[in-house]
Amino acid sequence: MDINSQNIQPIPPFNEKNEETPDIGGGLPVIEFWAEHTLSPEGPKLWKTLFHNSACLSCSWGTGGQKGGFTNEEGEKLQRCMKSVEAISAEIKPAVKTHYFEQHSIAELQQLSSMECDRLGRLSFPMILRAGSSHYDRISWEEVYQIAVAAFRKTPERVASYSSGRSSNEAAFLLQLMMRAMGSNNLADCSDLCHAPSTTGLSEMFSTRTSIVSLENLKQADCVVLAGANSAYNHPRFMNELIKIREKGGKIIIINPVMEIGLVKFGSPAFPVKSLIPGSDISSLYLQPIPGSDTALFVGIQKSVIEQGLLDEKYLQAHTEGWEAVVQHARETEWETITQTCGVSQAEIEAAAKIIGSSKRVVFGWAMGITQQQNGVDNVFSIANTALMTGNVGKTGAGLMPVRGHSNVQGFGSMGVTVKLKKEIQEALEKLLDRPLSRVQGYETRSLIEAADAEKVDTLLCLGGNLYGANPDSTQAKRALGKIETIIYLATKPNLGHFNGLAKHNTIVIPVLNRFENPHKTTVESGNNFVRFNDEGETHLKEADLIPEVHFLTELASRIHGTYPVDWRQLQDTRYVRQLIAKTIPGFEKMATIDDTKEEFTIGGRIFSEPNFPTDSGKAKMFVAPLPVLKLPEIKDFGESESVRGLVVALMTGRSYSQHNTVVYKIDDKYRGMPHRNCILMNREDAESAGLQEHQRVTVRGNAGKMENVEVIYGAVRAGAALMFYPEVNVIFHPEIEKRCGTPAYKRVPAFVYAEV
Ligand SMILES: Nc1nc2c(c(=O)[nH]1)N[C@H]1C(S)=C(S)[C@@H](COP(=O)(O)OP(=O)(O)OC[C@H]3O[C@@H](n4cnc5c(=O)[nH]c(N)nc54)[C@H](O)[C@@H]3O)O[C@H]1N2
Ligand SMILES: Nc1nc2c(c(=O)[nH]1)N[C@H]1C(S)=C(S)[C@@H](COP(=O)(O)OP(=O)(O)OC[C@H]3O[C@@H](n4cnc5c(=O)[nH]c(N)nc54)[C@H](O)[C@@H]3O)O[C@H]1N2
Ligand code: SF4
Ligand SMILES: [Mo]
């Protein structure tokens, strides 16, 4: 079907021609980046790391491992993108200058931007900031452990951890075992801020928590629906699969309030002749809903599927429960309500429904645009309902695919670093510990900050990440962390959190080895449920006093717990940790022998090629996803007079092209035409209707603060919406929360954009 010939969409809709932005995503700049880095003085180190047998550090798509750094799980070569180079390049930098922390006070360090923090170099010795001191001082390992052990001897409910998904499965498993052995369930994790609604939604519907599609399966799809994901930036190798699906006549439907150029056309270095320079078509249909309205859009697609006679009722009857109410809800919801809520025309929705309903094998993928919403779980329900209504779950080449974040964030969940522990793992741990686990509900990330703010937390261990920078309402985050007595950060590089997320008494920073430097083997799990085995390696920081995460955790646990319930020091040999994992974590049985076989594997029970689900009845449970009621506050609600020139927008906050989460590598975002971090991407008509102009400097105010001197950039963003970059923007808002899992609505922040007169 040629959608455009029917004039369903203006071509392309909401597009803003900007002479400075490229016409395709990817393309030559990617090659230039490779060349610049691999031919630079750090080139040899970079190549060595790229060829090391370990998984890519960057995203959850997963590349590398035992088959070599460039190979994916299907054995395909050349599967390494420039984001991987970006991540490695940051890690192979020299150490922070020897006397840097003696010479710079904490007040000075607090002035650094995210990029400046990262550019200081690698952390190379343990250090402490004591209450009342103006500088970080070097500290001995013995004193580190003394302070840490005392800090962990508090009431278990007042001790917490936070983690980020770059560490290994082994470190993750040890962290949760140490915490649970202590009686604490406070295992906050970055996934709370990220895909927790996917985990919650999939678990309620299918009793599974992760993607049910393997890479092999994806390759057989003839249609992909990709909602709320900017994969051209954040999962670049995924784009190769989309290109191949388009080339064999398949369809790609993109759902995103921003027309991301890389999702329209992408130039992939994997196909240097046919794709790199001309660019390959990605989207067959590009829908631009109002931020936060995806449930309405998907209910609209369902309604149209029914109206077009494309509902697979036989499938619903045989393999699902609760479908009647879901079908009825779609039937009865008025078109007007749907189109007004989501801002997409009925004709466009019908075109999407036709493509989905008439394709044979549809994969539904999604990321942060779907999950970081107040109704993130409903969004996931509505996507899964659509898939079930068209018979696209539990068959080869079709299914549901949350596109995950960090390279091992999914592994952390599998290893039990979660406040919603699976029953099987709970039972296995209780057997190991020989006593019941604490029944006190643990803190996920947002409730950890709220608890700290209420002075309910004494001790916090952060295994990687940047808890301060990742959280919304930076003022609150700083204040809350400041009420915790002891914070211990394990990190490879300095970040905003180490200088702004300071504890009341002692803030300790422990420098760790990264994935390709550890003296032992480790494993990670990709978003496609594939477990990779990382070889040991070495660090270029020969003079530095770094520690493997596993060594730190086992030493600390052994000093806290002695030999209960295991000989922790023996677990410094990660082979034994893998054996424990094989015994306790369902689907990981092959971990017991991986040291001998080196056989990487897809986790058992995760990929569904048949519509039999691990629920009690074997059927999928369907839930009605109510349409959100989306209202923006008025100008007066921001405490400003109505005479000020400006408008209220639904602000989406997310990643630029050159950043990895809270770490900024370059200040510009060339594909969106945003020259620096302090920009707001706006719809031209919106801006002009409010009397604003491109490049004008404005103030952007949320409910918790404001950013000044922000440059207006016109872009292909739909009316009523705008986009800014985190972590900087986190200072302006205290978000709505998805109450079922604690995830902040980072993608729909009410903000007032105005010019001071
Ligand atoms: N290079 C690089 N790779 C990364 C990361 C990185 O920072 N840099 N981070 C990793 C992590 S932890 C994660 S979680 C992922 C993040 O990967 P993504 O989810 O792709 O990243 P985001 O930039 O948060 O936002 C994704 C898209 O959501 C759209 N969006 C916003 N609001 C809505 C909405 O209401 N509906 C819809 N349909 N779309 C909306 C935005 O326009 C944006 O294009 O990437 C991982 N990979
Ligand atoms: N406004 C807004 N806020 C957001 C988001 C958004 O879209 N908008 N996205 C949210 C999402 S999806 C996520 S996942 C979070 C990200 O939150 P986090 O995961 O907490 O933050 P990162 O920036 O990924 O953490 C980077 C730091 O990890 C450390 N690190 C890197 N490698 C290693 C390692 O191997 N071991 C150890 N110990 N440390 C290491 C380095 O010191 C580095 O500075 O942010 C969230 N915050
Ligand atoms: S797509 Fe992700 S995992 Fe693959 S090379 Fe790029 S950053 Fe690494
Ligand atoms: Mo994430």
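Order of listing sets the numbers, starting from 1, for every ligand and every atom in it.
- Figure legend: cation-pi geometry between Lys83 and Tyr657, with NZ or CZ positioned under 6.0 Å from the six-membered ring centre and within 45° of its axis.
- For Asn230, a nitrogen or oxygen atom sits less than 3.5 Å from a nitrogen or oxygen atom of ligand 1, counting backbone and side chain alike.
- Note on ring orientation: taking the six-membered ring where Trp is involved, the planes of Tyr746 and Phe733 are perpendicular (angle over 60°, cut-offs 30° and 60°).
- For the residue pair Glu444/Ser447, the side-chain donor-acceptor check at 3.5 Å is satisfied.
- Here is the list of ligand 1 atoms found below 4.0 Å of a heavy atom in Pro257: 30 (N), 33 (C), 34 (C), 36 (N), 37 (C), 39 (N), 40 (C).
- For ligand 1, the atoms lying closer than 4.0 Å to a non-hydrogen atom of Gly292 are 34 (C), 35 (O).
- Remark: ligand 1 and Pro291 share no N or O pair separated by less than 3.5 Å (distance only, no angle test).
- Closer than 4.0 angstrom to ligand 2 lie heavy atoms from Tyr162, Ser164, Arg166, Ser167, Cys190, Leu193, Cys194, Met368, Gln372, His406, Gly464, Gly465, Asn466, Ala470, Leu490, Ala491, Thr492, Lys493, Asn495, Val512, Glu549, Thr653, Gly654, Arg655, His660, Asn661, Thr662, Val663, Tyr726, Asn730, Phe733, Tyr746, Lys747.
- Taking distance alone, with nitrogen or oxygen atoms compared against 3.5 Å, Glu86 stays at or beyond that limit from ligand 1.
- Residue-ligand proximity, Cys59 to ligand 1, at heavy-atom distances under 4.0 Å covers atoms 47 (N).
- For ligand 1, the polar-atom distance check against Glu260 finds a nitrogen or oxygen pair separated by under 3.5 Å.
- Checked for salt-bridge contact, Glu91 and Lys493 miss the test: no charged N lies under 4.0 Å from a carboxylate O.
- A salt bridge does not link Lys265 with Glu260: none of the charged nitrogens is closer than 4.0 Å to a carboxylate oxygen.
- Listed by number with element, the atoms of ligand 1 under 4.0 Å from a non-hydrogen atom of Val258 are 42 (O).
- The closest donor-acceptor contact from the side chain of Arg532 to the backbone of Gly64 lies under 3.5 Å.
- If you check the side chains of Asn661 and Arg655, you find a donor sitting under 3.5 Å from an acceptor.
- Looking at Asn730, its side chain does come within 3.5 Å of a backbone N or O of Asn471 through a donor-acceptor pair.
- Residue contact check for ligand 1: Arg748 places no non-hydrogen atom closer than 4.0 Å to it.
- Here is the list of ligand 1 atoms found below 4.0 Å of a heavy atom in Lys83: 1 (N).
- Neither side chain, Arg404 nor Asn528, offers a donor N or O lying under 3.5 Å from an acceptor on the other.
- In this structure, Lys670 has no salt bridge (charged side-chain N to carboxylate O under 4.0 Å, His left out) partners at least two apart in sequence or on a different chain.
- Using cut-offs of 30° and 60° on the angle between ring planes, the pair Phe101 and Phe499 is tilted.
- Proximity of Gln373 to ligand 1, defined as any heavy-atom pair under 4.0 Å, is confined to the side chain (atoms from C-beta onward).
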